[in-house]
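Below is one structure, written out as structure tokens; comments come after it.
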Amino acid sequence: MDKVPMTVRGEQLLREELDKLIKRRPEISNAIAEARELGDLKENAEYHAAREEQGICEAQIRDIEYKLSVAQVIDVTKMPNNGKVIFGATVSLIDVNTDEDVTYRIVGDDEANIKANLISVNSPIARGLIGKEQGDEVSITTPGGIKEFEIDSVDYV
């Protein structure tokens with residue numbers, strides 16, 4: 001079984017979500033019990049809705065437990081910063097063509113959120129940056145075409 005990289009924050013968010021779901025279990029069980037008391041289960045919409053909610057909740061719990069079981073939690077704050085782009089690093093880039101500054105943090109697939117500048121380690125930009133160093137110029141093939149960046153800074157925060 002291959003380990004999947006995850007940041008400390010990503011693990012923390014998954015554990016919080018798992019706790020919420022586990023706390024919902026008794027509420028859903030109570031809703032099922034109340035719906036059963038209403039009578040005929042064949043035509044009982046509340047019962048069927050509660051059972052469906054239970055199924056979704058249990059599937060989410062299994063999914064999160066699996067993700068946590070295969071996670072390799074990487075804490076970059078405990079690593080010496082040698083200026084190299086690695087998983088978990090925050091990278092400031094300058095677009096060579098437009099002089100536009102952009103900062104990305106390289107995170108696991110589940111943590112990725114482009115609106116928050118969190119990019120997946122499996123994204124084209126992250127794959128193009130991993131292993132490069134501060135000051136390097138890189139050409140990255142993205143779905144929107146080839147982008148050229150200069151790595152302005154690499155932080156392990």
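Connection of Leu13 to Ile106 is not established within any shared hydrophobic cluster, with ILVMFWY side chains joined at heavy-atom distances below 4.5 Å, either directly or through further cluster members. Under a hydrophobic-cluster definition in which Ile, Leu, Val, Met, Phe, Trp and Tyr are linked whenever side-chain heavy atoms come within less than 4.5 Å, directly or via other members, Val121 and Val4 are assigned to different clusters. Hydrophobic clustering (ILVMFWY, side-chain heavy atoms < 4.5 Å, transitive): Ile22 and Ile28 are in distinct clusters.
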Item to complete: Could you give me the CA-CA distance, side-chain angles and deciding distance for Leu93 and Asp152, then say whether side-chain contact (heavy atoms from CB on, under 4.5 Å) is met?
Response: CA-CA 5 Å; Leu93 304 170; Asp152 188 38; over 6 Å; no
Worksheet entry | Derivation and outcome, side-chain contact (heavy atoms from CB on, under 4.5 Å), residues Glu17 and Ile64 | CA-CA 8 Å; Glu17 181 66 20; Ile64 292 173; 3.5 Å; yes
Worksheet item: Can Ile94 and Phe149 be said to form a side-chain contact (heavy atoms from CB on, under 4.5 Å), step by step?
Response: CA-CA 5 Å; Ile94 300 171; Phe149 296 104; over 6 Å; no
Worksheet item: Step by step, would you call Met6 with Leu14 a side-chain contact (heavy atoms from CB on, under 4.5 Å)?
Response: CA-CA 10 Å; Met6 183 179 295; Leu14 276 180; 3.4 Å; yes
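Minimum interatomic distance between Ser120 and Ala126 (heavy atoms only, all atoms of both residues): O-CB, 3.1 Å. The shortest non-hydrogen separation linking Lys23 to Glu27 is O-OE2, 3.9 Å.
In terms of modelled atom types and a separation under 3.5 Å, the side chain of Asp95 and the main chain of Asn97 share a donor-acceptor contact. Asn44 contributes a side-chain N or O that, together with a main-chain N or O of Ala35, makes up a donor-acceptor pair within less than 3.5 Å. Not one N or O on the side chain of Glu37 forms a donor-acceptor pair closer than 3.5 Å with the backbone of Glu34.
The salt bridge (charged side-chain N to carboxylate O under 4.0 Å, His left out) check on Arg25 picks up Glu58, with sequence neighbours excluded. For Arg15, the salt bridge (charged side-chain N to carboxylate O under 4.0 Å, His left out) partners two or more places apart in sequence, or in a different chain, are Glu11. For Asp19, there are no salt bridge (charged side-chain N to carboxylate O under 4.0 Å, His left out) partners, not counting sequence neighbours.
Taking CG of Asp101 as the reference point, atom OG1 of Thr98 lies at 9.0 Å (rounded to 0.5 Å). Between the CD1 atom of Ile32 and the CD atom of Glu46 there is a distance of 12.5 Å, given to the nearest 0.5 Å. The CZ atom of Arg51 sits 12.5 Å away from atom CD1 of Ile56, with the distance rounded to the nearest 0.5 Å. Once rounded to the nearest 0.5 Å, the distance linking CD1 of Ile74 with NZ of Lys3 reads 11.5 Å.
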Output a table of donor-acceptor pairs, distance under 3.5 Å, between side-chain atoms of residues 129-144 and any protein atom two or more places apart or on a different chain; print 'none' if there are none.
from   : atom 1 : to     : atom 2 : distance (Å)
Asp136 : OD2    : Glu133 : N      : 2.9
Thr142 : OG1    : Gly144 : N      : 3.3
Thr142 : OG1    : Gly145 : N      : 3.4
Thr142 : OG1    : Gly145 : O      : 2.6

Ignoring hydrogens and angles, write down the donor-acceptor pairs under 3.5 Å from the side chains of residues 80-92, residues two or more places apart or on other chains.
from  : atom 1 : to     : atom 2 : distance (Å)
Asn81 : OD1    : Gly83  : N      : 2.8
Asn81 : ND2    : Val154 : O      : 2.9
Asn82 : OD1    : Lys84  : N      : 3.1
Asn82 : OD1    : Tyr156 : OH     : 3.2
Ser92 : OG     : Thr103 : OG1    : 3.2
Ser92 : OG     : Ser153 : OG     : 3.3

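Here the side chains of Thr7 and Arg105 are in contact, with some heavy-atom distance below 4.5 Å. Lys67 places a side-chain heavy atom less than 4.5 Å from the side chain of Asp110. Within the 4.5 Å cutoff, side-chain heavy atoms of Leu18 are placed close to those of Ile61.
The other members of the hydrophobic cluster of Leu118, by chain and number, are Val107 (side-chain heavy atoms under 4.5 Å, ILVMFWY only).
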